[in-house]
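This chain uses plain numbering: 1 for the first residue, then up along the sequence. Only heavy atoms go into these numbers, but all of them, side chains included; no hydrogens, no water, no symmetry mates.
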Amino acid sequence: MAMLSLQNVVKRFGDNTVCDGIDLDVEEGQMVCLIGASGAGKSTLLRCINLLEPIEDGAIYLGGEDISIPGLDPQPVRKRIGIVFQSYNLFPHMTALENAMLAPRRVYGQSREVLRPQIEELFDKFGLADRMHHYPDQLSGGQQQRVAIVRALAMKPDVMLFDEITAALDPQLVGEVLAVLHLLKASGMTMVLATHEMDFAREAADKVCFLKDGHIIEEGPPEVVFEAPTKAETREFLARVL
Ligand SMILES: Nc1ncnc2c1ncn2[C@@H]1O[C@H](COP(=O)(O)OP(=O)(O)OP(=O)(O)O)[C@@H](O)[C@H]1O
Ligand SMILES: [Mg+2]
């Protein structure tokens, strides 16, 4: 059974159909990369998975459970699906550590004493051990984005979604954030990424999905999608971006 399964997901904004019957399976521990031109529907699809947007048709299953039933309380689902965006949105008046402890303290009622060693371990793992007590404006963009990832992981999600998390970073800071994704993959996390980092998708993804106009035009292992795409639309897109 797939960890995450989308079946015929349809999302419209007015008469604009932004996801037009998306089928996608993500197995446990897989990293799936969504690629495609601006406006293809990548962000919207991630927002639908996290129940930030209601869907018009189809279904989304998490661990076999239908999470798209109308009227379902989204909060328990969002604990199980973490999402990180391009903008880190850390609270400026809290240190990195306090930012990361806030949600599990509020949502799970866990004490600082219980949380702290677990979260310190994450900071350590992602090269932030000496930055835990800094405030966001004392951190580089790459450090802030890594703190945002730690903050999402502190909830112990089953699945992580990443939406262009390196897009706002200076080029020299992109690598340190991509390194965190490599570590997460090695730890067995199930992940879906929208990304314009084609080199990263090529080397790290288990599966690449090329989206256009709300459709998955082509999907497969990166060596097929990048090296031997079967669809003309995929070839045109890759010729533009590579
Ligand atoms: N809240 C909204 N209301 C109306 N239309 C929206 C909304 N959010 C997205 N759209 C539209 O949905 C389409 C897909 O947008 P989306 O942001 O999902 O694309 P994307 O593939 O993530 O693009 P990019 O690579 O630029 O991030 C676009 O036509 C966009 O204008
Ligand atoms: Mg987007």
Side-chain angles (χ1 to χ4, degrees), residues 1-12 17-36 40-86 103 107 148-165 178 180-197 200-201 204-212 214-222 224-225:
M1 180 184 63
M3 173 69 96
L4 184 68
S5 182
L6 278 60
Q7 295 179 12
N8 187 39
V9 167
V10 176
K11 172 69 197 169
R12 293 188 195 93
T17 304
V18 175
C19 300
D20 196 1
I22 299 281
D23 294 314
L24 175 65
D25 277 346
V26 186
E27 304 298 330
E28 184 169 1
Q30 261 193 340
M31 176 188 278
V32 172
C33 286
L34 310 176
I35 63 169
K42 306 179 295 294
S43 297
T44 303
L45 190 61
L46 293 180
R47 293 173 58 81
C48 290
I49 295 171
N50 201 39
L51 309 185
L52 292 166
E53 296 286 353
I55 60 175
E56 269 70 47
D57 201 359
I60 302 171
Y61 297 89
L62 176 63
E65 179 194 337
D66 188 351
I67 58 169
S68 56
I69 299 166
L72 189 87
D73 178 7
Q75 290 309 331
V77 174
R78 290 199 196 122
K79 291 179 204 165
R80 297 168 60 196
I81 307 179
I83 188 162
V84 180
F85 301 98
Q86 177 176 327
V107 174
I149 294 170
V150 168
R151 179 179 55 178
L153 292 173
M155 295 297 287
K156 299 201 166 76
D158 298 325
V159 176
M160 284 288 295
L161 311 176
F162 296 96
D163 192 1
E164 305 285 359
I165 59 166
L178 295 181
V180 165
L181 296 179
H182 278 296
L183 284 172
L184 270 182
K185 181 172 154 66
S187 75
M189 180 57 77
T190 307
M191 297 184 268
V192 186
L193 281 77
T195 187
H196 290 289
E197 297 284 344
F200 177 80
D206 298 295
K207 178 156 81 174
V208 175
C209 299
F210 168 61
L211 272 79
K212 188 182 180 202
H215 297 272
I216 295 180
I217 302 285
E218 181 155 4
E219 69 172 84
V224 175
V225 174

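Sorted by first and then second residue, the pairs that involve residues 64-74 and meet side chain to side chain donor-acceptor pair (under 3.5 Å), not counting sequence neighbours, are E65-R80, D66-S68. Pairs engaging residues 182-194 under the salt bridge (Lys or Arg N to Asp or Glu O under 4.0 Å) rule: K185-D206 [sequence neighbours left out].
A heavy-atom distance below 4.5 Å is not found between the side chains of I55 and C19. Taking 4.5 Å as the limit, every side-chain heavy atom of I216 sits out of range of all side-chain heavy atoms of D23. Contact check for D163 versus L161: no side-chain heavy atoms found under the 4.5 Å cut-off. Between E218 and V208, the closest side-chain pair of non-hydrogen atoms is not below 4.5 Å. Between I83 and I81 the shortest side-chain heavy-atom distance does not fall below 4.5 Å. Counting heavy atoms from C-beta outward, V192 and L4 have side chains that approach closer than 4.5 Å.
Annotation: the span from I67 atom CD1 to I49 atom CD1 amounts to 8.0 Å, rounded to 0.5 Å. Note that CG of L211 and OG1 of T44 are 10.0 Å apart. Values are rounded to the nearest 0.5 Å. Taken to the nearest 0.5 Å, the CD atom of E197 stands 9.5 Å off from the CD1 atom of I165. Rounding to the nearest 0.5 Å places CD of Q7 at 10.5 Å from CD1 of I60. If you take NZ on K11 and OG1 on T17, they are separated by 10.5 Å, rounding to the nearest 0.5 Å. Distance check, rounded to the nearest 0.5 Å: CG of L6 to CG of L62 gives 10.5 Å.
The side-chain hydrogen bond (donor to acceptor under 3.5 Å, both in side chains) search around D25 returns S5, not counting sequence neighbours. Judged as a ring-ring contact (aromatic ring centres under 6.0 Å, His included), and not counting sequence neighbours, Y61 has no contacts. Annotation: salt bridge (Lys or Arg N to Asp or Glu O under 4.0 Å) contacts of E164 (sequence neighbours excluded): none. For the ring-ring contact (aromatic ring centres under 6.0 Å, His included) test, no residue two or more places apart in sequence or in another chain qualifies with H196. For the side-chain contact (heavy atoms from CB on, under 4.5 Å) test, residues two or more places apart in sequence or in another chain that qualify with A148 are V84, Y88, L90, Q145, R151. In terms of the salt bridge (Lys or Arg N to Asp or Glu O under 4.0 Å) criterion, K212 has no residue partners (sequence neighbours excluded). Among residues two or more places apart in sequence or in another chain, the salt bridge (Lys or Arg N to Asp or Glu O under 4.0 Å) test is passed with R47 by E53. Partners of F162 according to the ring-ring contact (aromatic ring centres under 6.0 Å, His included) rule, which considers only residues two or more places apart in sequence or in another chain, do not exist here. Not counting sequence neighbours, the partners of K156 by the side-chain hydrogen bond (donor to acceptor under 3.5 Å, both in side chains) test are Q118. N50 pairs by the side-chain hydrogen bond (donor to acceptor under 3.5 Å, both in side chains) definition with nothing, not counting sequence neighbours.
Proximity of a side-chain donor or acceptor of K207 to a complementary backbone N or O of C33 within less than 3.5 Å is not detected. Side-chain atoms of K42 come within 3.5 Å of backbone atoms of G36 as a donor-acceptor pair (strictly under, hydrogens ignored).
In this structure, E28 places its CD atom where only 12 or fewer heavy-atom neighbours from other residues, nucleotides or ligands lie under 6.0 Å away.
When all heavy atoms of G82 and P157 are compared, the closest pair comes out as N-CB, 3.6 Å. Nearest heavy-atom pair, G21 versus V10, reported as atom, atom and distance to 0.1 Å: N-CG2, 3.7 Å. Nearest heavy-atom pair, A2 versus E27, reported as atom, atom and distance to 0.1 Å: CA-OE1, 3.6 Å.
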